[in-house]
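Letters go in sequence order (proteins before strands), and every chain restarts at 1.
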Amino acid sequence: MTETDAREAPSDAGEADRDARETHGDPRETRWAALMRAANAGDEASYGRLLREIAPVLRAFARRALARGGRGADADAEDAVQDTLLAIHLKRATWDEARPFGPWMRAVARHKVIDLARRRGRDAARVATATIDDLADILPAPAPDLRAGTDLARHLDALPPRQREAVRAITLDGLSVREAAARLGVGEGAVRVSLHRSLKALARRFADDD
Amino acid sequence: MTERSRTPGDTEALIRALGASGGRVPALARPGPRLALGLAGGAFVSLLVFLAVLGPRPELGSALFEPRVIFKLVVALALGAAAAVAARLLAQPEGYGRLRPLALGVGLLVVAGVAAELAVVPASDWAARAVGTNAVACLVSIPLLALAPLAALLAALKGAAPARPRVAGLAAGLAAGAVGALLYASHCQDDSPLFVALWYGLAVAATGAAGAAAGTRLLRW
């Protein structure tokens with residue numbers, strides 16, 4: 001299989017069943033859809049809650065898929081989780097709110113997991129077949145022990161000063177947008193713009209780093 | 001195998017950053033409106049180029065009543081509409097959108113036109129009509145007139161999340177080629193479906209291939 005073919009594995013009949021179940025209400029995914037709708041209307045709290053709820057599920061999903069492609073999957077799985085969360089954020093406008101959230105989220109996760117597998121020299125074709133698995137069967141995997149974000153700090157250093165300070169205030173110091181704006185002496189809008197630009201740059205760096 | 005470069009503690013930090021940068025998704029950020037705007041804007045630019053460089057054929061008004069001219073325009077419109085819809089579906093990460101039904105439908109239309117022409121025209125004329133008088137102009141003009149719409153559609157797709165970049169690019173190329181074909185058809189005086197199937201077909205296939213190649217490179221996310 002060529003690289004692009006690895007991503008083009010067609011839907012099977014089981015996926016139609018799963019989509020039907022999701023339309024009629026897998027309660028977890030219905031809740032996520034409601035949170036995402038609230039987030040798209042500007043509700044920051046809902047957005048944070050959604051991301052924290054789906055991260056463990058994405059983690060288990062990534063581990064299972066990447067395990068098919070060779071050894072040492074857990075290490076790569078965390079990177080896949082970050083890639084997926086970033087992609088979910090940057091591409092959230094592509095989720096049609098009238099459609100189920102689960103298939104969209106799974107599609108984004110699948111795309112990023114296969115992409116990472118290919119970049120890290122794993123068997124992307126085998127990973128691609130694994131990711132047709134049903135999200136509903138996957139038990140969430142808790143985060144590994146948290147350590148200081150040394151690598152994020154390294155990525156931060158590559159950002160322009162204004163963006164770096166905004167992102168550092170929010171990610172490492174845990175400030176809210178308002179508090180960060182006050183500390184930096186700029187408007188909240190400027191902080192959001194800095195955040196947005198740095199997240200896009202981060203996505204590029206995550207891909208280029210491999 | 002390259003080494004991983006990121007730590008788990010970063011995930012929580014990342015979530016904080018993402019959470020703080022959420023916010024309203026404007027309607028214009030969605031793939032549908034962006035693609036529509038891209039197609040319309042690109043087509044408008046091509047229209048200006050067309051009017052400046054080629055211009056409509058003489059007596060276009062009366063030509064529009066001729067069955068062969070109608071056929072040319074209908075095929076171009078059908079291809080453009082179907083490819084644009086396909087591009088919209090292909091913009092999704094869920095991977096909706098199939099190009100084969102589109103290819104089949106438009107293909108059948110073209111085959112019907114060709115069959116009708118072969119039935120109506122004496123065999124001695126077939127080759128001359130197929131080769132036509134302006135094949136080179138057709139092969140050059142259609143891709144050139146497709147450039148602006150293709151660039152605009154690719155830019156719109158770049159902001160979306162196409163599951164299959166190459167196929168999405170192909171759909172964009174075909175839609176753009178259809179715009180070029182529609183414009184060129186109002187200038188070109190080779191009306192035979194044999195000519196259209198051969199030379200317009202080649203030109204649109206070329207823009208499709210260009211779109212697919214561009215898609216593979218540009219539409220990663």
>> I'd like to know if the side chain of B:Arg24 and the backbone of A:Gly42 have a donor-acceptor N/O pair within less than 3.5 Å.
In response: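 No; judged by distance alone, with no hydrogens or angles, the pair does not exist.
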
> Can you tell me if A:Arg192 uses its side chain to pair, donor with acceptor, with the backbone of B:Ala20 under 3.5 Å?
Replying inline: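 Yes.
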
> Of the backbone (N, CA, C, O) and the side chain (C-beta and beyond), which part of B:Pro162 lies under 4.5 Å from a heavy atom of chain A, both, or neither?
Replying inline: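 For B:Pro162, backbone heavy atoms alone lie under 4.5 Å from chain A.
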
Between [X] and [Y], what is the shortest heavy-atom contact and its length?
| X | Y | result |
| --- | --- | --- |
| B:Arg30 | A:Arg92 | NH1-O, 4.5 Å |
| B:Pro31 | A:Ala93 | CD-O, 3.5 Å |
| A:Leu85 | B:Leu18 | O-CD1, 3.6 Å |

Between [X] and chain B, with a heavy-atom cut-off of 4.5 Å, which part of the residue counts as in contact: side chain, backbone, both or neither?
| X | answer |
| --- | --- |
| A:Val108 | both |
| A:Arg49 | neither |
| A:Ala87 | side chain |
| A:Leu199 | side chain |
| A:Leu50 | neither |

Could you measure the distance from the [atom1] atom of [X] to the [atom2] atom of [Y]? Nearest 0.5 Å is fine.
| X | Y | atom1 | atom2 | answer |
| --- | --- | --- | --- | --- |
| B:Ile15 | A:Gln82 | CD1 | CD | 9.0 Å |
| A:Asp96 | B:Tyr96 | CG | OH | 8.0 Å |
| A:Leu51 | B:Arg16 | CG | CZ | 12.5 Å |
| A:Asp79 | B:Thr11 | CG | OG1 | 8.0 Å |

>> Less than 4.5 Å apart, side chain to side chain, heavy atoms only: is that true for B:Leu14 and A:Thr171?
In response: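 Side-chain contact under 4.5 Å: no.
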
> Among A:His196, A:Arg99, A:Lys112, who wins on heavy-atom pairs under 4.5 Å with chain B?
Replying inline: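 Highest number of pairs under 4.5 Å: A:Arg99.
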
Can you confirm whether [X] is buried at [atom1], in the sense that more than 12 heavy atoms of other residues, nucleotides or ligands lie under 6.0 Å from that atom?
| X | atom1 | result |
| --- | --- | --- |
| A:Arg164 | CZ | yes |
| A:Arg197 | CZ | no |
| A:Arg31 | CZ | yes |

> Is any side-chain N of the basic residue among A:Arg106 and B:Glu94 closer than 4.0 Å to the acidic one's carboxylate O?
Replying inline: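 So A:Arg106 does not pair with B:Glu94 through a salt bridge.
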
> Are B:Gln92 and A:Thr94 close enough that a side-chain donor and a side-chain acceptor fall under 3.5 Å?
Replying inline: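 Result is no, nothing qualifies.
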
> When only pairs under 4.5 Å are counted, which of B:Pro93, B:Gly159, B:Ala29 shares the most heavy-atom pairs with chain A?
Replying inline: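 It is B:Pro93.
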
